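Below: the structure, in structure tokens.
Only a predicted model underlies this, so the values are computations on that prediction, with no experimental measurement involved. All residue numbers refer to positions in the sequence shown, counting from 1.
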Amino acid sequence: MEPILIITMAIVVCALVFDFINGFHDTANAIATAVSTKALKPRHAILMAAVMNFLGALMFTGVAKTITKDIVDPFTLNNGSVVILAALLAAIVWNLVTWYYGIPSSSSHALIGAVAGAAIASAGFNVLHYSGFIKIIIALLVSPILAFVIGYIMYSIFKVIFKNNNLTKTNRNFRFVQIFTAALQAFSHGTNDAQKAMGIITMALITAGLQTGDDIQHWVQISCATAMGLGTAIGGWKIIKTVGGNIMKIRPANGVAADLSSALIIFGATHVHLPVSTTHVVSSSILGVGSSHRVKGVKWTTAQRMIITWVITLPISAVIAALMFWVLNIFI
């Protein structure tokens with residue numbers, strides 16, 4: 001078997017591992033609020049999130065095409081297969097480190113930073129498609145800000161509409177609604193996050209000369225959707241604890257407002273074919289809702305720790321990927 005085929009197979013395996021890790025790393029995004037308010041039992045919530053993640057991943061391919069061609073040109077990338085393998089290994093390492101410490105970092109930042117870092121190590125800074133790369137970075141930066149604002153507005157509207165309602169009855173009703181908003185959140189997560197691995201596998205197929213266009217093949221889509229769904233089924237309990245309780249004390253109305261706000265942002269990004277960090281979006285929605293409810297009730301030290309992790313993820317992933325590329329280049 002030719003070396004390029006072996007490397008491509010390794011990339012496919014690593015991409016599916018990345019998607020699997022992304023599933024359990026980001027499970028908290030969809031279900032943390034529903035679990036923390038006891039709207040759903042943890043086991044039921046994770047099963048529902050796994051199914052909805054899988055279905056969402058099958059519905060769209062626009063984000064995958066953006067990943068395939070907007071960071072670097074896979075058709076002209078030198079040592080393309082080694083670059084992609086190094087990027088995947090770096091993103092996996094960073095995801096596992098942040099998962100181990102229970103930090104809700106961004107799998108999107110890790111992957112995009114890693115692709116850029118490995119490509120730069122291979123061919124210098126000119127290899128980047130700056131228009132596409134900057135567009136992706138802007139989406140990653142702006143989406144959590146929008147999520148915070150919309151979360152704040154959403155809960156402010158809830159406070160006006162339900163201010164005279166019986167608190168116990170209102171919480172019971174919102175707890176029921178949370179089942180559906182959590183499902184919607186999980187579906188939106190699948191529409192955006194699973195596509196990133198699809199884009200990486202497509203890049204690998206192009207660089208190996210096994211594909212001539214940027215269309216996402218059906219087996220790639222189904223494989224990534226399955227990996228994401230299985231990863232979600234495993235669950236990420238440490239991050240569920242952080243997102244579900246360490247930012248603020250979440251009540252059913254808070255949870256519904258946060259779920260709706262973040263799902264709206266993620267669906268919007270998927271519609272315009274831009275990858276966003278579901279971790280950033282969900283956490284920022286909760287921060288926005290918490291600020292609207294009671295600013296002092298938000299645990300800003302946790303938020304500060306999360307923001308620092310968000311900021312450092314992209315450059316650290318890029319450096320790790322560059323080191324991975326140089327190591328792999330010695331042995332391959």
* To do: Could you go through the side-chain hydrogen bond (donor to acceptor under 3.5 Å, both in side chains) check for Gln178 and Thr181 one step at a time?
  => CA-CA 5 Å; Gln178 261 197 295; Thr181 58; 5.4 Å; no
Check for me, please, whether [X] and [Y] land in the same ILVMFWY cluster - side-chain distances under 4.5 Å, paths through other members count.
X: Ile150; Y: Phe174; answer: yes
X: Leu323; Y: Val97; answer: yes
X: Ile330; Y: Val319; answer: no
X: Val272; Y: Phe267; answer: no
X: Val83; Y: Met324; answer: yes

Judged by atom type as modelled, is there a donor-acceptor pair below 3.5 Å linking the side chain of [X] to the main-chain atoms of [Y]?
X: Ser223; Y: Val220; value: no
X: Ser283; Y: His280; value: no
X: Asn53; Y: Gly190; value: yes
X: Ser284; Y: Val281; value: no
X: Asp214; Y: Met203; value: no
X: Gln195; Y: Gly62; value: yes
X: Ser122; Y: Ala118; value: no
X: Gln217; Y: Trp219; value: no

Ignoring hydrogens, what is the shortest heavy-atom contact between [X] and [Y]? Give both atom names and the distance.
X: Val276; Y: Asp193; result: O-OD1, 3.8 Å
X: Phe158; Y: Val256; result: CE2-CG1, 3.9 Å
X: Gly124; Y: Val127; result: O-CG1, 3.0 Å
X: Pro275; Y: Ile136; result: CG-CG2, 3.8 Å
X: Ala39; Y: Ile179; result: O-CG1, 4.0 Å
X: Leu88; Y: Ala15; result: CD1-N, 3.7 Å

* Intermediate values then yes/no, side-chain contact (heavy atoms from CB on, under 4.5 Å), Leu184 and Leu260 -> CA-CA 8 Å; Leu184 182 68; Leu260 289 176; 4.3 Å; yes
What I'd like to find out is whether the side chain of [X] reaches to under 4.5 Å of the side chain of [Y], using heavy atoms alone.
X: Thr279; Y: Ser107; result: no
X: Val115; Y: Ile200; result: yes
X: Met59; Y: Phe187; result: yes

* **Test log, rule side-chain hydrogen bond (donor to acceptor under 3.5 Å, both in side chains), inputs Ser108 and Lys196** => CA-CA 8 Å; Ser108 303; Lys196 293 153 193 171; 2.3 Å; yes
* To do: Decide if atom CZ of Phe176 counts as having more than 12 heavy atoms of other residues, nucleotides or ligands within a radius under 6.0 Å.
  =>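 Not buried by this count: 12 neighbours or fewer within 6.0 Å.
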Measure the [atom1]-[atom2] distance between [X] and [Y] for me, rounded to the nearest 0.5 Å.
X: Ser262; Y: Leu146; atom1: OG; atom2: CG; result: 12.5 Å
X: Ile71; Y: Tyr130; atom1: CD1; atom2: OH; result: 12.5 Å
X: Leu58; Y: His218; atom1: CG; atom2: NE2; result: 11.0 Å
X: Phe148; Y: Ser261; atom1: CZ; atom2: OG; result: 11.0 Å
X: Ile112; Y: Leu140; atom1: CD1; atom2: CG; result: 4.5 Å
X: Asp73; Y: Thr207; atom1: CG; atom2: OG1; result: 11.0 Å

* To do: Show your reasoning for whether side-chain contact (heavy atoms from CB on, under 4.5 Å) applies to Thr8 and Leu85.
  => CA-CA 8 Å; Thr8 303; Leu85 183 57; over 6 Å; no
* Which is it for Leu96 and Ile21 under the side-chain contact (heavy atoms from CB on, under 4.5 Å) test, yes or no, and what are the steps along the way? -> CA-CA 8 Å; Leu96 288 175; Ile21 294 171; 3.9 Å; yes
* Taking it one step at a time, do Thr270 and Thr191 satisfy side-chain hydrogen bond (donor to acceptor under 3.5 Å, both in side chains)? -> CA-CA 7 Å; Thr270 300; Thr191 68; 3.1 Å; yes
* According to the side chain to side chain donor-acceptor pair (under 3.5 Å) rule, which pairs have a member within residues 147-161, sequence neighbours left out? -> Tyr155-Asn254, Tyr155-His293, Ser156-Ser292
* Asked: Which side chain to side chain donor-acceptor pair (under 3.5 Å) pairs, counting each pair once, include a residue from residues 59-72, with sequence neighbours left out?
  -> Lys65-Asp215, Asp70-Lys135
* To do: Identify the residue among Val82, Ile84, Ile6, Leu89 that makes a side-chain contact (heavy atoms from CB on, under 4.5 Å) with Ile11.
  => Ile84
* To do: Could you go through the side-chain contact (heavy atoms from CB on, under 4.5 Å) check for His129 and Val72 one step at a time?
  => CA-CA 5 Å; His129 278 179; Val72 294; 5.9 Å; no
* Structure fact -> Contacts of Thr313 meeting side-chain hydrogen bond (donor to acceptor under 3.5 Å, both in side chains) (sequence neighbours excluded), chain-then-number -> Trp94
